[in-house]
Amino acid sequence: MKKLLLLAISAVLMFTACGGGNNTEPNKPEVIPAISVSTTSVVLDATGTSASVTLTSNVAWSASVSENWLNVSPLSGSGTTTITVSASPNTGVARTATVTVKDTDGKLSRSFSVTQKEAGATPVVPTPDTFDGNKRSGLTYQLLVYSFCDSDGDGIGDFNGIKSKLDYLDGLGVTALWLSPSHPTSSYHGYDVNDYFTLNPLYGSAHTSASAEEDFRSLCAAAKEKGIAIYMDYVLNHSGKDNDWFKSVQSDPAGSEYKDYYVISSDPDADVAAGRIDNYGGASGPGMGSWHQLSGGSLGYTGRLHFKLDWTGATKYITVTETTEAAQTSNASASKWLWIGTDGHLEGLYETSANIFEITLNVDTDWGFLVRTSSTTWDGGTKYGGKAGASKITFGQPFALDNSTASNIVFGAASYYFASFDASMPDLNYGKYTEAKDSKAFKAIAESVDKWIGFGISGLRLDAVIWIYQTNNGNANPEFLRQWYERCNSAYHAAGNTGDFFMVGETWLGHDVERSYYKGIPSCFEFEYFGQITNALNNKNANQFAKNVSGYITSHKAVRSDAITSVFLTNHDQNRAAEDLGKSLAKEKQAAAMLLTGGGKPYIYQGEELGYWGKKDGGDEYVRTPLKWTKTGAVASKLLGTKVDNSMLSSSISVEAQAETESSLLNVYKAFAKVRNTYPALANGEMTEHGTYNSGNTSYPTIACWYMTSGSEKMLVVHNTDTSEKTLAFTDDLSKAVALLGTAARRGNTLTIGANSSVVFKL
């Protein structure tokens with residue numbers, strides 16, 4: 001019994017120890033929080049791929065990312081899961097972010113890095129805004145009427161020819177045409193005007209002045225419909241010798257009603273010394289030009305004369321006396337000769353002693369005589385005569401000979417006229433420069449402009465303005481031009497036109513002189529501009545371009561707030577741009593891009609858009625080549641004679657061929673002109689140097705870089721003028737390119753730009 005009781009008690013104790021009979025849980029081991037990740041680093045491709053990371057955890061967690069370019073999903077959870085990391089395509093250099101995972105108490109933290117590879121360079125593809133049709137570029141096309149386009153097959157360009165090509169000019173983006181002189185002329189070029197009130201009959205459909213006027217009026221109207229203004233080339237410095245005004249003076253120097261229209265003197269040396277020649281603007285003498293004898297007056301002599309030539313000293317003298325001694329025959333073996341007579345005949349002198357030569361002759365001449373040291377040529381200083389303005393001989397007195405000017409030696413009273421250029425272009429006289437508007441010549445020529453304003457012109461290009469008054473006086477020409485511009489602008493407004501009349505002057509004496517002319521007119525040609533282009537393209541000093549060009553503009557505006565700086569590559573008086581650029585098509589294209597992406601009012605000279613080359617050697621005609629419109633068609637070359645480089649005018653250089661070739665020079669001009677017309681900042685914005693790639697950055701001398709800004713619109717312009725590509729780092733946003741020449745690629749804000757390449761970004 002005792003044994004059974006012990007067994008029972010033992011069983012109860014065992015039951016109790018095992019928890020039987022109540023709800024108490026047995027003790028468990030403590031749980032330790034834990035978080036781990038399957039990797040410490042992840043690499044993504046630049047193209048925007050994703051990757052997965054295994055997260056092992058026994059607690060709730062949340063994730064964070066250090067860079068917002070990286071996406072993480074999910075960002076929170078509990079337990080073990082897969083985290084996906086992803087990124088959009090990388091357009092720049094390699095980038096790295098960190099993903100951090102923490103428990104909810106923030107006691108545990110695990111992290112891993114995510115690196116996205118560097119982007120491959122993305123080619124720059126221009127996406128310009130849609131052109132709204134409002135041409136704002138200020139682009140002017142200089143054309144030579146006689147060699148631009150022939151509409152009637154006579155070999156001479158004409159007004160209807162220009163009219164037929166307005167679509168071409170409009171497609172080129174031009175806003176104005178500068179026509180070569182269109183008045184009647186005795187030359188092919190037209191700068192010797194014979195009548196300011198009529199037009200060259202050769203330019204009319206019926207080869208009459210009336211048809212020329214009708215066609216010109218029609219051209220002006222048709223151009224206006226396309227948003228193209230017409231500028232006439234006006235010659236104010238001189239007229240042609242065949243102008244009726246001058247012919248009247250020639251026939252009667254003292255009595256002609258037009259004698260005050262020209263610079264005339266019977267004793268130029270004395271009149272110049274006394275300050276009586278208003279054309280010199282109060283200065284002591286001319287900067288260029290010479291005096292020429294008028295045909296009127298008693299210049300000749302009929303009778304018997306003795307000539308004695310003294311060749312002993314440095315200055316040679318001739319003494320002429322009237323005589324009754326017997327006349328002699330010409331010395332056939334002479335070394336010194338007289339050229340004498342109305343029709344001109346040669347008489348050989350006799351050497352009577354050492355370097356003394358004499359002869360007695362019967363003389364009948366209406367103009368005088370000259371001394372010659374050659375019987376066969378006038379060249380090499382073999383012609384001796386009088387000095388300019390000092391050619392009247394006095395009987396019995398030694399007359400000093402001159403072999404530089406060598407004017408005719410005359411016997412009687414003579415009158416002379418002044419010409420800044422040659423004898424075929426006598427200078428016009430406007431009197432004292434302070435009162436020029438009151439002169440007869442000023443009033444007459446201004447009235448002729450009134451007529452053409454009525455036809456529809458809206459501007460003038462003024463020829464040779466630095467010679468209207470000789471340049472010794474710095475105030476004369478600007479003051480004359482101020483009066484001229486105010487007179488023409490008033491007439492333009494009086495005709496019912498809005499805005500101001502445009503006027504640009506040919507001021508070919510360097511920037512420091514040119515800027516002073518803005519006192520008189522709103523625009524002048526900046527002749528130093530192309531030097532900046534060649535310095536950039538030929539000499540690899542491109543980093544100076546923006547500083548110098550913007551400096552020109554600032555300098556002009558300091559003189560006149562509404563100044564318009566007219567910029568161009570070359571014109572009809574210079575070697576062709578392609579010539580000076582070594583006929584390098586790459587440079588020609590970049591010159592076009594630089595011209596059309598910078599400050600100032602740009603000009604394109606006829607044929608420049610096709611890559612014409614040519615030198616002035618042998619004649620100006622070689623830089624005034626006709627435009628070749630079709631691959632096989634004729635050109636308007638008749639007035640140029642044989643002075644045309646037909647080897648250049650191949651089918652491939654024609655408008656037709658280049659229009660068909662996307663990469664042609666013509667299409668570069670079109671593309672950049674269109675972009676300039678599209679964006680006001682490019683067309684008329686302020687040009688400023690870039691903050692990094694500028695004149696002070698000697699590490700990148702071949703980079704020309706600037707901003708063009710107008711209001712809130714800002715453009716970045718980059719030109720690489722080197723023969724190898726360059727990689728440039730910018731802080732500017734390069735995401736929107738609007739124009740491209742050559743090649744360019746970018747990685748974010750890093751730009752790799754090809755050789756002779758240009759790109760424009762809208763910022």
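The aromatic rings of Tyr433 and Tyr469 sit perpendicular to each other, their planes meeting at more than 60°, with 30° as the lower class boundary. Between His556 and His511, the angle of the ring planes lies from 30° to 60°, which puts this pair in the tilted group. Ring geometry for Trp311 against Phe357 counts as perpendicular: the plane angle is over 60°, on a 0 to 90° scale with 30° as the lower cut. Using cut-offs of 30° and 60° on the angle between ring planes, the pair Phe501 and Tyr492 is tilted. Aromatic ring orientation, Phe395 versus Phe411: tilted (interplanar angle from 30° to 60°).
Of the possible donor and acceptor atoms, none in the side chain of Ser420 sits under 3.5 Å from a partner among the backbone N and O of Gly289. Ser415 contributes no side-chain N or O that, together with a main-chain N or O of Ile264, makes up a donor-acceptor pair within less than 3.5 Å. Between the side chain of Gln606 and the main chain of Leu144, a donor-acceptor pair closer than 3.5 Å is present. Using a distance-only test at 3.5 Å, with no hydrogens or angles considered, no donor-acceptor pair links the side chain of Arg576 to the main chain of Thr570. Without hydrogens or angle criteria, Asn477 side chain to Ile466 main chain gives a donor-acceptor distance under 3.5 Å. Looking at Asn575, its side chain does come within 3.5 Å of a backbone N or O of Lys616 through a donor-acceptor pair. When atom types are taken as modelled, the side chain of Asn200 and the backbone of Pro184 share no donor-acceptor pair closer than 3.5 angstrom. A distance-only check finds a donor-acceptor pair linking the side chain of Gln483 to the backbone of Lys437 [under 3.5 Å]. The backbone N or O of Ala464 lies less than 3.5 Å from a partner atom in the side chain of Glu506, making a donor-acceptor pair. A donor-acceptor pair under 3.5 Å is absent between the side-chain atoms of Asp402 and the main chain of Gly385, judged by distance alone.
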What verdict does the side chain to side chain donor-acceptor pair (under 3.5 Å) test give for Asp500 and His493, after you've listed the backbone C-alpha separation in whole Å, the side-chain angles of each residue and the deciding distance to 0.1 Å?
CA-CA 7 Å; Asp500 287 330; His493 292 154; 3.1 Å; yes
Begin with the C-alpha distance, continue with both residues' side-chain angles, and end with the deciding distance and a verdict on side chain to side chain donor-acceptor pair (under 3.5 Å) for Ser186 and Asp242.
CA-CA 7 Å; Ser186 300; Asp242 293 325; 2.5 Å; yes
Could you go step by step and tell me if Asp463 and Arg461 meet the salt bridge (Lys or Arg N to Asp or Glu O under 4.0 Å) rule?
CA-CA 6 Å; Asp463 180 65; Arg461 179 265 184 185; 3.1 Å; yes
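Ring centers of Tyr191 and Phe421: at least 6.0 Å apart, outside the cut-off. Between Tyr552 and Tyr529, a ring centre-to-centre spacing not shorter than 6.0 Å is recorded. A distance below 6.0 Å separates the ring centres of Phe442 and Phe480. Aromatic pair Tyr146/Tyr188: ring centres closer than 6.0 Å. Aromatic ring centroids of Tyr262 and Phe246 lie under 6.0 Å apart.
A donor and an acceptor atom, one from each side chain of Ser407 and Thr405, are nowhere located under 3.5 Å apart. Between the side chains of Thr534 and Asp580, no donor N or O sits under 3.5 Å from an acceptor N or O.
Counting heavy atoms from C-beta on, the side chains of Tyr258 and Lys440 never come closer than 4.5 Å. Residues Ile445 and Tyr430 are in side-chain contact: their nearest non-hydrogen atoms beyond the backbone lie under 4.5 Å apart. With contacts defined as side-chain heavy-atom distances shorter than 4.5 Å, the pair Asn331/Leu349 does not qualify. Using a 4.5 Å heavy-atom threshold, the side chains of Val449 and Tyr234 count as touching. Considering only heavy atoms from C-beta on, His183 comes within 4.5 Å of Met232 through its side chain. Side-chain atoms of Val504 and Thr140, non-hydrogen and from C-beta on, never get closer than 4.5 Å to each other. Residues Val145 and Phe216 fail the side-chain proximity criterion, which asks for heavy atoms closer than 4.5 Å. Counting only heavy atoms from C-beta outward, the side chains of Asn237 and Asp427 approach each other to under 4.5 Å.
Taking CD1 of Ile318 as the reference point, atom CG of Leu338 lies at 5.5 Å (rounded to 0.5 Å). In this structure, CG on Leu202 lies 11.5 Å from OG on Ser182, to the nearest 0.5 angstrom.
With respect to Phe525, the ring pair (Phe, Tyr, Trp, His ring centres under 6.0 Å) criterion is satisfied by exactly one of Tyr603, Phe530, Tyr605: Tyr603. With Phe369 as the fixed residue, the ring pair (Phe, Tyr, Trp, His ring centres under 6.0 Å) test singles out one of Tyr301, Trp339, Phe307: Phe307.
Lys451 NZ: more than 12 foreign heavy atoms inside a 6.0 Å radius. Atom NZ of Lys557 is surrounded by more than 12 heavy atoms from other residues, nucleotides or ligands within 6.0 Å. Enclosure of atom NZ in Lys259 by more than 12 non-hydrogen atoms of other residues, nucleotides or ligands within 6.0 angstrom is indicated.
Contact check on Lys241 versus Asp422 returns no salt bridge, with no Lys/Arg side-chain nitrogen under 4.0 Å from an Asp/Glu carboxylate oxygen. Salt bridge annotation for Arg624-Asp573: present, with a cationic side-chain nitrogen under 4.0 angstrom from a carboxylate oxygen. With respect to Glu486 and Arg482, a salt bridge is recorded, a charged nitrogen being found less than 4.0 Å from a carboxylate O.
Geometrically, Lys601 engages Phe502 in a cation-pi contact defined by less than 6.0 Å to the ring centre and at most 45° from the axis.
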